[in-house]
A.B. asks: 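Once you've had a glance at the structure underneath, I'll fire off some questions.
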Amino acid sequence: MCSSGVKECGACGSPDPEFACSRCKAARFCGPECFRKAWPAHKAICGARAEKEKERPHPWPSPFSCVRAQSEGLVQTGRTGRIAFIDFWPGFEDNTDLWFCQDWFKRNLPGVEIVDASASPDVIMFSMFGKRYISLLQSGSSAKLVFFTGENLRPPVGRVPLCVSFDHLEGVPQSIHARIPLWVFNMEVHEVLTMHAARLSGKVDESVWKRDFCCWVASNATMYRAEFRTRFVKTLSARYKQVDCGGEVLNNIGGKVKDKMTFLRGYRFNICFENASHPGYCTEKILHAFAAGCVPIYWGDPNACSTSDRASMSDFNPRAFISAHMDWLTTTRSSSSLTCGSQYWPTIGTNGSRIGLLFVEAFRSSFLLIMTKEREGRACLAQKRWSQAAQKRCV
C-alpha cells in the first residue's frame, strides 16, 4: 500500500487496481494476468485465512441426489475418462479456493479421473483466466475442449464440443451448451434448499424481523457498475434508514468484517448487486443473502423481476426478494416493501428447481458423450477447424 493510502497492484505496483482477490478480498490487482503472476507469493497469505476456515465442508457434494446417483452409474457401466483443467482462477486447480475448485468435479463425477493437461486427457476444461488453451489449439491437441465460465462473458458455442455458462441460449441444443449458473456450485445452496422446503410447508423464521435494518458488503469501488451500487446504497440510507456497510466500500461500522455470512445474519435485508446485468447472470450474491435469512434487494439478472415477461426464467422466486431493476427507490411502494412478507415465499423459482435436472441431463450426458473416442460430431469438427485456423496464424 502506498504511503498516501492508495492501494497498489500486488503484481506490478500500479495505483488503484480494480480487482480484489476473490478469496481474501484484501489484495488488489490490475486484472487476471497480474493476479496469476502474484499468486505464488500471495497464495501463502490467502492460505493463512484458509487455515481459519478448515471447518468448511470442502469440497461439498452436489445437493441434487440424482446427480450422485446417475454419476455412480458412470462407474457401474465402466464409462470412465480423464479430464484436465487449465486457465482457471488461482486457487481452482490446486484446490485452495474455499468456494469452488476442481475437487468439486472429482466429488460429483465419480469415475472421471482428474489429470494434468500433459497427461493425454480425453477432455480439457478451460476458462477465461489464461491463454494456455491457445497453445493447445495451435498444437492440434486431440483432447476435446470444454469451456467454463461463471462470469459475464459469452461462451464460444459451436467452436468447442461443450460450453458451460449461465446464458439462456434459445435454439442451442443442450448437447453443446449446459446452463449452470455459478450459485449452483456454492456450498450455501444446501441451506437455501432447506429453507425453500420449509417455506413450502409454511414454516418461516419470523425472528428475522428482530434484526437490524439492512447491510451491504463490497470490496471494489471502481470496477464494473460499482458507482451504480454505491449510489443505490447512499440513496436508500438517505431516504429510508442507514445501510450498514461491512466491506471496504463506504464502510461505516469501524472496519471490514471478517466473516461475510456471520455479518449478514444480523440483518433483515441485504443489498446484493451483481457486477453486471445480463439475462441469466446470477452468482452467489443472492444465494448468500437467502442463506443468511435476509430478504435480498437484488440487481443483476433482469429476468429476476416479478413484472418481467420472462420472470419464469429466473432461478429464484421474484416474490421472495426485492428487485432493484425497477426504479424502486422512487416509487411509493418502497417503504412498504421493506416491511412486507417476502420471507414467506419459497426461495427457488420454477427455473431454479430444474437446475439439478439441467446439470444431469445437459452437463453430465453431454460431458460423457464428448468423453468418448468419437470425434465426428459437428462441434468436434468445429474445434478441429478452430485449431487449424490457430495453427495457420502461428506459422
Side-chain angles (χ1 to χ4, degrees), residues 59-71 74 83 85 87-89 92 97 99-110 112 114 123-129 144-158 160-170 172-190 192-193 196 274-276 278-288 290 300-301 303-304 312-316 347-371 379:
W60 48 95
S62 165
F64 306 105
S65 59
C66 56
V67 174
R68 294 192 297 276
Q70 293 195 29
S71 293
L74 173 67
I83 183 173
F85 296 88
D87 297 339
F88 278 75
W89 54 89
F92 178 88
D97 190 295
W99 300 100
F100 177 37
C101 61
Q102 69 176 19
D103 265 1
W104 193 95
F105 293 92
K106 182 177 181 180
R107 179 73 177 269
N108 291 286
L109 287 178
V112 176
I114 297 177
V123 172
I124 295 179
M125 184 177 287
F126 71 103
S127 191
M128 55 177 284
F129 295 89
K144 292 86 167 179
L145 294 179
V146 173
F147 176 77
F148 175 95
T149 184
E151 302 298 327
N152 189 21
L153 178 72
R154 307 288 73 75
V157 174
V160 295
L162 179 64
C163 292
V164 180
S165 78
F166 63 79
D167 274 353
H168 291 288
L169 299 181
E170 298 180 4
V172 176
Q174 293 182 350
S175 59
I176 62 174
H177 177 262
R179 181 184 182 266
I180 312 177
L182 195 60
W183 65 265
V184 173
F185 299 99
N186 203 276
M187 63 176 295
E188 279 75 19
V189 71
H190 293 271
V192 175
L193 288 175
H196 178 71
E274 302 288 4
N275 293 331
H278 190 86
Y281 182 44
C282 188
T283 67
E284 77 288 347
K285 294 178 177 64
I286 190 171
L287 185 82
H288 286 172
F290 277 127
D301 180 0
N303 295 330
S312 62
M313 302 293 288
S314 173
D315 294 336
F316 295 92
T347 56
I348 308 297
T350 303
N351 185 64
S353 64
R354 297 198 301 266
I355 292 295
L357 178 61
L358 285 172
F359 182 89
V360 175
E361 298 299 328
F363 175 66
R364 177 185 170 276
S365 297
S366 300
F367 183 81
L368 295 180
L369 180 64
I370 66 168
M371 181 85 67

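When reading the values below, keep in mind they use all heavy atoms of this one structure, side chains included, and skip hydrogens, waters and symmetry mates.
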A.B. asks: Identify the heavy atoms of V160 and L145 that sit nearest to each other, and give their distance.
C.D. replies: CB-O, 3.4 Å
A.B. asks: Is there a side-chain contact (heavy atoms from CB on, under 4.5 Å) between M125 and F105 once you walk through the steps?
C.D. replies: CA-CA 11 Å; M125 184 177 287; F105 293 92; 4.0 Å; yes
A.B. asks: Using 0.5 Å steps for rounding, measure from the CZ atom of F316 to the CG atom of N303.
C.D. replies: 13.5 Å
A.B. asks: Please examine the side chains of K285 and W183, heavy atoms only from C-beta on, and report whether any two atoms are closer than 4.5 Å.
C.D. replies: no
A.B. asks: Give the minimum heavy-atom separation between R154 and N152, together with the two atoms involved.
C.D. replies: NH2-OD1, 2.9 Å
A.B. asks: Looking only at atom types and distance, does a side-chain atom of S127 sit under 3.5 Å from a main-chain N or O of F129, one as donor and one as acceptor?
C.D. replies: no
A.B. asks: Could you check F85, F92, F100 and say which one makes a ring pair (Phe, Tyr, Trp, His ring centres under 6.0 Å) with F148?
C.D. replies: F100
A.B. asks: Which heavy-atom pair separates G280 from D301 by the least distance, and what is that distance?
C.D. replies: N-OD1, 3.0 Å
A.B. asks: Under the side chain to side chain contact (heavy atoms under 4.5 Å, CB included) rule, collect the residues that match up with L169, sequence neighbours excluded.
C.D. replies: P155, V157, D167, V172, H177
A.B. asks: Got a second to check how far I114's CD1 is from I83's CD1, nearest 0.5 Å?
C.D. replies: 7.0 Å
A.B. asks: Of the non-hydrogen atoms in H278 and F166, which two are nearest, and what is the gap between them?
C.D. replies: CD2-CE1, 3.8 Å
A.B. asks: Partners of T283 by side-chain hydrogen bond (donor to acceptor under 3.5 Å, both in side chains), sequence neighbours excluded?
C.D. replies: E274
A.B. asks: Can you name the residues that form a ring pair (Phe, Tyr, Trp, His ring centres under 6.0 Å) with F147, not counting sequence neighbours?
C.D. replies: F126
A.B. asks: Could you pull out the closest heavy-atom pair between P161 and K144, with the gap in Å?
C.D. replies: CG-CB, 4.0 Å
